[in-house]
Amino acid sequence: MKFRKGDWVESARVKHKGKFVGQVIDTIDGEYIIRDAERAKWLRKEEDLSPAKAKADNDNERADQRARFQHWRL
């Protein structure tokens with residue numbers, strides 16, 4: 001298995017659910033159980049997942065982007 005419990009992953013678009021970042025919470029029958037930001041759980045195959053930054057890193061990156069945007073607005 002490529003990912004371990006606790007890893008942050010980005011899911012590719014699957015049917016009606018677009019891309020999302022979530023955390024691996026378990027595996028079952030060779031598929032990963034991913035919990036997204038709304039705490040919904042999703043089953044995803046390994047080929048539908050790629051490594052993602054931890055949520056804290058994503059939040060810090062968004063804060064940096066807002067700060068840069070505010071700087072240009074002044």
Side-chain angles (χ1 to χ4, degrees):
M1 307 253 20
K2 183 177 177 181
F3 301 105
R4 294 179 293 157
K5 189 174 180 179
D7 286 351
W8 287 90
V9 294
E10 182 175 359
S11 172
R13 181 179 176 88
V14 177
K15 297 185 183 176
H16 71 281
K17 178 68 173 172
K19 284 186 167 185
F20 68 92
V21 173
Q23 189 172 26
V24 175
I25 59 171
D26 210 348
T27 59
I28 187 169
D29 296 331
E31 291 189 315
Y32 294 93
I33 301 173
I34 311 298
R35 180 175 285 152
D36 67 10
E38 289 84 36
R39 302 191 56 80
K41 294 178 185 175
W42 303 91
L43 270 179
R44 290 292 183 261
K45 296 177 183 174
E46 188 170 309
E47 59 266 16
D48 294 332
L49 301 172
S50 60
K53 295 179 184 177
K55 184 179 182 320
D57 290 341
N58 289 334
D59 290 344
N60 290 338
E61 191 172 304
R62 279 191 226 113
D64 291 344
Q65 289 171 349
R66 282 193 300 271
R68 285 192 298 273
F69 179 72
Q70 289 297 331
H71 170 75
W72 287 105
R73 287 183 63 193
L74 297 176

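Remember, it's a predicted structure, so these values are computed and weren't measured experimentally. The chain is numbered in sequence order, starting from 1.
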TODO: Using atom types as modelled and distance alone, determine if a side-chain donor or acceptor of Gln23 lies under 3.5 Å from a backbone N or O of Gly6.
DONE: yes
How many angstroms lie between atom [atom1] of [X] and atom [atom2] of [Y], to the nearest 0.5 angstrom?
X: Leu49; Y: Trp8; atom1: CG; atom2: CH2; result: 13.5 Å
X: Arg13; Y: Lys19; atom1: CZ; atom2: NZ; result: 10.5 Å
X: Trp42; Y: Asp48; atom1: CH2; atom2: CG; result: 13.0 Å

- [ ] Decide whether Val9 and Ile33 are clustered together by the hydrophobic rule: side chain heavy atoms of Ile, Leu, Val, Met, Phe, Trp, Tyr closer than 4.5 Å, transitively.
- [x] no
Open item on the list: Please tell me whether Ile25 and Ile28 are part of a single hydrophobic cluster in this structure, the criterion being side-chain heavy atoms less than 4.5 Å apart.
Closed with: yes
Task: Heavy-atom closest contact (Phe20 atom, Arg44 atom, distance) - done: CE2-NH2, 3.7 Å
